[in-house]
Structure formats: structure tokens, C-alpha cells
Amino acid sequence: MFVAKGTSSINRAVELRGKDATASSAPRLASAWWKAAAVCVLLFAVAFGLRFWCGSYGLHSSRHWDEGYALDNVRSLIETGSFEPARSYYPSPVFNLPAAAIVRVSAWWHERSADPRWATYQNGRFRGMSYLLLRGLMALYGAIAVLLLWRIGCVLAGSGVGLLAAVLLAFLPWHIHAGAIFKPDSLLVMTALLSVWAGIHAIRSQSLWWAALAGLGIALAASAKLTGVLVAAPVAVGLLAANPRSRRRWGQLAMTAGVSAVAFAALNPYWTSYLFFVDALKVDYAKRARWRGWTKVGGLGLTIRLFFESTVHGPII
């Protein structure tokens, strides 16, 4: 009887201590959540604001001549309603459809409100508001990429490393430039990081759903720019390196590959024409190289030197 009473007393004491621990940990969890939310909002505000401000001047076609290729595809989508690209540069609907939708909504609001500030597209020409909104979309992609890198760093190495990585990307000169010009580079970085983030969770959880999301991220990255398909390499290596003999890992890899292939084909109805576009781009770049007097070795040297340019990566990096 004494043993039973002693045991019950011990159990009650353990229960009370557990309740006290839970009660004391609740404020800490709430505080950590609010800190994470504050960091998230601050990172997003700084990253988006810097890129939007950078893209808010020179609202015309002569500031960035490369924007003309993307705008031709958007114009074709608006006027014909077809996803068939008008230009071989940046042909994917993943990049062009959100842009066309923004221009159409702005034009609709301009017609309803008769406010000239919202004039975006008239007589086949893009107005200044078009450039502001479309560059703002690229700034949004860039800010989301900063948040994704922050989360990836937190998962892999802790909150301090995640915050450092996010701050470096937020102030990276090349990434600021990419978020201030209507080109798919900012979308490419965001979707590539989305794939890596999903791949990390797939490795840790062995979940087929996370593997599928990683495959979707690869498809989105490859749709933004064909070079985005390269993000499949770290995801595949990570899955197999975790346990190359596991059937579950091979199943995840098959899921990732299958979803990425199907999603890419679904998101790019004219994907077969991209093969011809690549050949045309090779010829175009070869002509530019000859015009500048570059050789293959010289071009490779310029590419390597680019990694050490302070105007690209900033003086800190």
C-alpha cells in the first residue's frame, strides 16, 4: 500500500513538472514565433523595397534593351491569347502569363477609372506603368527568393546562418539588378531555391509529397530559363546520398523526375520548339562573340572573371 501511495505521489509530481515545463515553454515559443515573423517581414520589406526602387526609374524600353524580347512575348499573349512565343528569348508561359495578366488588369482598371496613371498598354505599345508593374513583379520574385534562402539556411545551419545568407542575397548587386529588370533571372533564382527547399524536406522526411514538390520546383525553374534544369542535380544527389540502397529514396527520386517532366510539358505547351530556339540562341551568341573578337577560351575567361567582379557580387562577398 505504501509503495502504491509513493508511486502515485511520484506520478503526480512528474505530471505537475511537465505542466510547469509546458507552461514555461509556451511564452518562449510565442516569442520565437514573433521574432521569426519580424525577421521575415523586415527581410521582405528591405529586399522588395530596394529592388522596386531600383526598377522605378527609366520606365521606357531604352533603359534595358533586353526587356524588349520579353515584352514581345507578353504583347503576343495579350493580343492573340496564344501561349506560342513570338521570340525565342524567354518563351515560357510561366514567365509571360503573370506579366500579361498584370498588364490586362491594369488596363481594365484604367478603362474603369479613366485614371491616366494606370495606362499600361495602348495601340500595341507599353506605357510607363507597364514597366513599373512588371519590374515590380520581378522585385517580388527577388524578395521571395531572399525569404526562401533564409528558411533554407535556418533549416541547415541555424537562424544565424540563415539570416546572414538572406542579408547577403538581399544586398547582392547582381540580384538587385535582376529584381529591377523585366527578365526571368529573378524568377529563376526563386524557383530554384523553392526546389532546393522542398528537396531538403524530402531528404529529412522521406515524404513523396515533398519529393513531388521538389520536382515541381525543378519544372518551374527550367520553365523560367532552361538553365534552371541544373537545380535537379543537387536535389538528386541529396536524395541518393542520404541512403543509396533505400528503395524509398529511389521512389522519391522517381517521383521528383516524373513530376518535373510532366509539369514542364504541361507548363510549356510549345516546349518542342525550345530545342530549335536553343540552336538559334547559339548562333546568335556566336555572332556576337565574333563581332567582339572573342574566342571560346576568352569567353570562358570572362565568365570566370565575372565571379570576382565587385559590381556583380558586392565588396563584402
Side-chain angles (χ1 to χ4, degrees), residues 36-56 64 66-67 70 90 92 94-99 102 133-202 210 213-235 238 260 263 267 306-307 311-314 316-317:
V39 170
C40 180
V41 171
L42 183 60
L43 282 174
F44 181 86
V46 170
F48 178 80
L50 187 58
R51 285 152 181 76
F52 187 79
W53 170 77
C54 204
S56 63
H64 298 296
D66 219 12
E67 289 181 324
Y90 325 131
S92 176
V94 171
F95 175 65
N96 295 314
L97 183 58
I102 287 176
L133 292 176
L134 296 181
R135 291 174 186 171
L137 180 61
M138 301 304 105
L140 176 64
Y141 292 151
I144 295 174
V146 170
L147 295 183
L148 283 170
L149 185 60
W150 169 56
R151 291 307 307 155
I152 290 171
C154 289
V155 170
L156 292 180
S159 58
V161 172
L163 182 59
L164 176 61
V167 169
L168 289 177
L169 183 62
F171 291 97
L172 190 71
W174 174 86
H175 198 254
I176 294 172
H177 175 75
I181 179 174
F182 183 54
K183 285 180 59 178
D185 299 292
S186 189
L187 176 62
L188 170 62
V189 175
M190 184 194 77
T191 51
L193 288 173
L194 173 64
S195 181
V196 171
W197 178 68
I200 292 170
H201 284 283
W210 280 111
L213 183 58
L216 178 60
I218 294 169
L220 290 171
S223 298
K225 266 190 170 182
L226 291 180
T227 49
V229 73
L230 296 175
V231 77
V235 174
S260 61
L267 294 169
L306 184 67
F307 286 98
T311 55
V312 175
H313 297 292
I316 297 177
I317 299 177

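Keep in mind the model is a prediction, meaning the values are calculated, not measured. These numbers come from the heavy atoms of this one structure, side chains and all, not from hydrogens, waters or symmetry mates.
- In this structure, L216 CG and S223 OG are separated by 9.0 Å, a value rounded to the nearest 0.5 Å.
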Note to self: I'd like to know whether L172 forms a side-chain contact (heavy atoms from CB on, under 4.5 Å) with L168, so could you lay out the CA-CA distance, the side-chain angles of the two residues, the decisive distance to 0.1 Å, and finally the verdict.
What the structure shows: CA-CA 6 Å; L172 190 71; L168 289 177; over 6 Å; no

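- Contact between I176 and A170 at its shortest, heavy atoms only, is CG1-O, 3.6 Å.
- Aromatic pair W210/W197: ring centres closer than 6.0 Å.
- Taking the centre of each ring, Y141 and F48 stay at or above the 6.0 Å mark.
- Take S56 and apply the side chain to side chain contact (heavy atoms under 4.5 Å, CB included) test, not counting sequence neighbours, and it matches W53, L132.
- L137 places a side-chain heavy atom less than 4.5 Å from the side chain of P98.
- Y90 and D66 share a donor-acceptor pair across their side chains, judged by distance under 3.5 Å alone.
- For the pair S159 (side chain) and C154 (backbone), a donor-acceptor distance under 3.5 Å is absent.
- Counting only distance, with no hydrogens or angles, the side chain of R135 and the backbone of I181 share no donor-acceptor pair below 3.5 Å.
- S195 places no side-chain N or O within donor-acceptor distance of the main-chain N or O of A192, the cut-off being under 3.5 Å.
- Between S260 and A219 the shortest heavy-atom distance is O-CB, 3.5 Å.
- The shortest non-hydrogen separation linking A214 to G199 is CB-N, 3.9 Å.
- Atom CD1 of I152 and atom NE2 of H201 lie 8.5 Å apart (nearest 0.5 Å).
- Between the side chain of S186 and the main chain of M138, a donor-acceptor pair closer than 3.5 Å is present.
- Side-chain atoms of W174 and V189, non-hydrogen and from C-beta on, do get closer than 4.5 Å to each other.
- The line from CG of D185 to NZ of K225 is 3.5 Å long, rounded to the nearest 0.5 Å.
- Taking every heavy atom of both residues into account, C40 and L147 meet most closely at O-CD2, 3.5 Å.
- At least one side-chain heavy atom of I200 sits under 4.5 Å from a side-chain heavy atom of L156.
- Residue I144 holds its CD1 atom at 14.0 Å from CG of L149, rounded to the nearest 0.5 Å.
- Distance check, rounded to the nearest 0.5 Å: CG of L194 to CG of L187 gives 10.5 Å.
- The shortest non-hydrogen separation linking L188 to A221 is CD1-O, 3.5 Å.
- Minimum interatomic distance between L193 and A145 (heavy atoms only, all atoms of both residues): CD1-O, 3.3 Å.
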- Message: Before you tell me yes or no, could you show the steps for H175 and R51 under side chain to side chain donor-acceptor pair (under 3.5 Å), namely the whole-Å CA-CA distance, both residues' side-chain angles and the distance that decides it to 0.1 Å?
- Response: CA-CA 9 Å; H175 198 254; R51 285 152 181 76; 2.8 Å; yes

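- Between H64 and F182, every side-chain heavy-atom pair lies at or beyond the 4.5 Å cut-off.
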